[in-house]
Protein chains: 2
Amino acid sequence: MSFRHKIIPMKTPNKTKFAILGLLTIEPLSGYDIKKFIDQTLSYFWAESNGQLYPALQELTKSKWISLKKPSFKEKKARKLYSITDLGLLELKKWLRSEEEKSVHRDEGLLKLFFGTNIDKEECMQHLKNRRARMKSRLTEFQSILHQLQKRSSPHHLYWLLTLYNGIHSVKAEIRWCNQSIKILEGRSS
Amino acid sequence: MSFRHKIIPMKTPNKTKFAILGLLTIEPLSGYDIKKFIDQTLSYFWAESNGQLYPALQELTKSKWISLKKPSFKEKKARKLYSITDLGLLELKKWLRSEEEKSVHRDEGLLKLFFGTNIDKEECMQHLKNRRARMKSRLTEFQSILHQLQKRSSPHHLYWLLTLYNGIHSVKAEIRWCNQSIKILEGRSS
DNA sequence: GATTACATGTAAGTTGTTACATGATTAA
DNA sequence: TTAATCATGTAACAACTTACATGTAATC
């Protein structure tokens, strides 16, 4: 005999909300703006889809962490501009100060390489060369963003630069690893 | 008036199945073995939970990509040993040869740093120091695995080494970036 | 007039985790 | 005999994506 307890799975905090809150500390934005900003600027380490974004905006409004600025009668567009509230800022800071949780990401390319014995060495090398090419074009992109960022200046600018550096360090390490791995595979007769 | 088409979202291929197939090319394994292997060896770039693993094993069996070896009457444990079938190997190879899909991972630490202006510089630095410490202990772990791996030898061994090198390159790049970022923040008066 | 970009949203699905249950085997 | 580990599995939920609908505004 055993007691049957109700299963109450621990909720993993919804980080989408904090991404939104963070962006609204820069300036009031619409859902559309937020999506664009994330796609253009955070995409290296963060992604959101509309299916998450818009419901999150509604929930944040309900819990008064953000508020809807009604468009002035001059404004032509039907866009909804959101601002962060004092409460929202408080919650954002709480999250910013909290310890990071480990998040395992899944790297399909590495999984394929791990099982590389099952296909030809040449096919593995081709995958590595493709990966290297992707990383190189990413590096070029990062460096052009770096150029633009170094010209501008805002309170946020320093931290944006740091996250960009992370991307640059990472892709450079990836490129070095691809080069090394390709060489190692080339050296193998089989 | 508009035609209302049935919504049939494109299925994103279930990679859990391929992780299982790949591991079964090494040797017949039970669900428990697979979980342990993934946790111990692939955890740097791959994770699975039991809630995915066991249903996947059943589906793979149903579609005849793997088969259940009935335990010999001598075997004491109630474990189910699975082997990959010819069909399964074919499908695995197909996947191994396919082009990699981009997968955006979410890095909560970078997201926090991006919004760093909202908290004290010292708090951001503390996050970076914690990250660096985590990366350093990961590096130590990788290096001890490297030691063990260099002693053993199997057809798979070379590819395992390559994925391990990827981890080593990555964490080293992370450590360098943490050091640089901490220095940059220290240099700031604000 | 047509096309592209702006703008908000939802239905339906897949994917993945958590927190259990259940029972066998092994070691102290 | 008690505890730990081995071993398989599931219910409930949370997270997330895709593929749409719907309409406005700007531009070619």
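We name chains A, B, ... by the order of the sequence lines, and we start the count at 1 in each one. Fair warning: this is a prediction, and the values are worked out from it, not measured in the lab.
- Rounded to whole Å, the distance from CZ on F18(B) to C1' on dT15(C) is 15 Å.
- In this structure, a donor-acceptor pair under 3.5 Å is present between the side chains of S30(A) and D33(A).
- Taking the charged nitrogens against the carboxylate oxygens, E91(B) and K94(B) do have a contact shorter than 4.0 Å, which makes a salt bridge.
- Between R106(A) and dG16(C), a side-chain N or O to OP1/OP2 separation shorter than 4.0 Å is present.
- Although no hydrogens or angles enter the test, the distance criterion places no donor-acceptor pair under 3.5 Å between the side chain of T163(A) and the main chain of F114(B).
- Annotation: proximity of residues 46-61 of chain B to DNA chain C (heavy atom, distance under 4.0 Å) is found for S49(B), G51(B), Q52(B), numbered in ascending order.
- Remark: F142(B) engages Y44(B) in a ring pair (Phe, Tyr, Trp, His ring centres under 6.0 Å) (not counting sequence neighbours).
- Counting heavy atoms from C-beta on, the side chains of L29(A) and K36(A) never come closer than 4.5 Å.
- Taking R176(B) as the reference, nothing meets the salt bridge (Lys or Arg N to Asp or Glu O under 4.0 Å) condition, with sequence neighbours excluded.
- The stretch residues 23-44 of chain A has no heavy atom under 4.0 Å from DNA chain D, so no residue of it qualifies as close.
- Rounded to whole Å, atom P of dT17(D) lies 12 Å from atom CG of N14(A).
- Listed nucleotides dG9(D), dA7(D), dG9(C) differ in distance to K80(B); the shortest reach to its side chain belongs to dG9(D).
- One can place CD1 of I20(A) at 13 Å from P of dA15(D), the figure rounded to the nearest angstrom.
- Scanning for side chain to side chain donor-acceptor pair (under 3.5 Å) contacts around Q180(B) gives H169(A), with sequence neighbours left out.
- Following rounding to the nearest Å, R79(A) (CZ) and dG9(C) (P) show an atom-to-atom distance of 13 Å.
- Going from atom CG of L68(A) over to atom C1' of dG9(C) covers 14 Å, rounded to whole Å.
- For Q58(B), there are no side chain to side chain donor-acceptor pair (under 3.5 Å) partners, not counting sequence neighbours.
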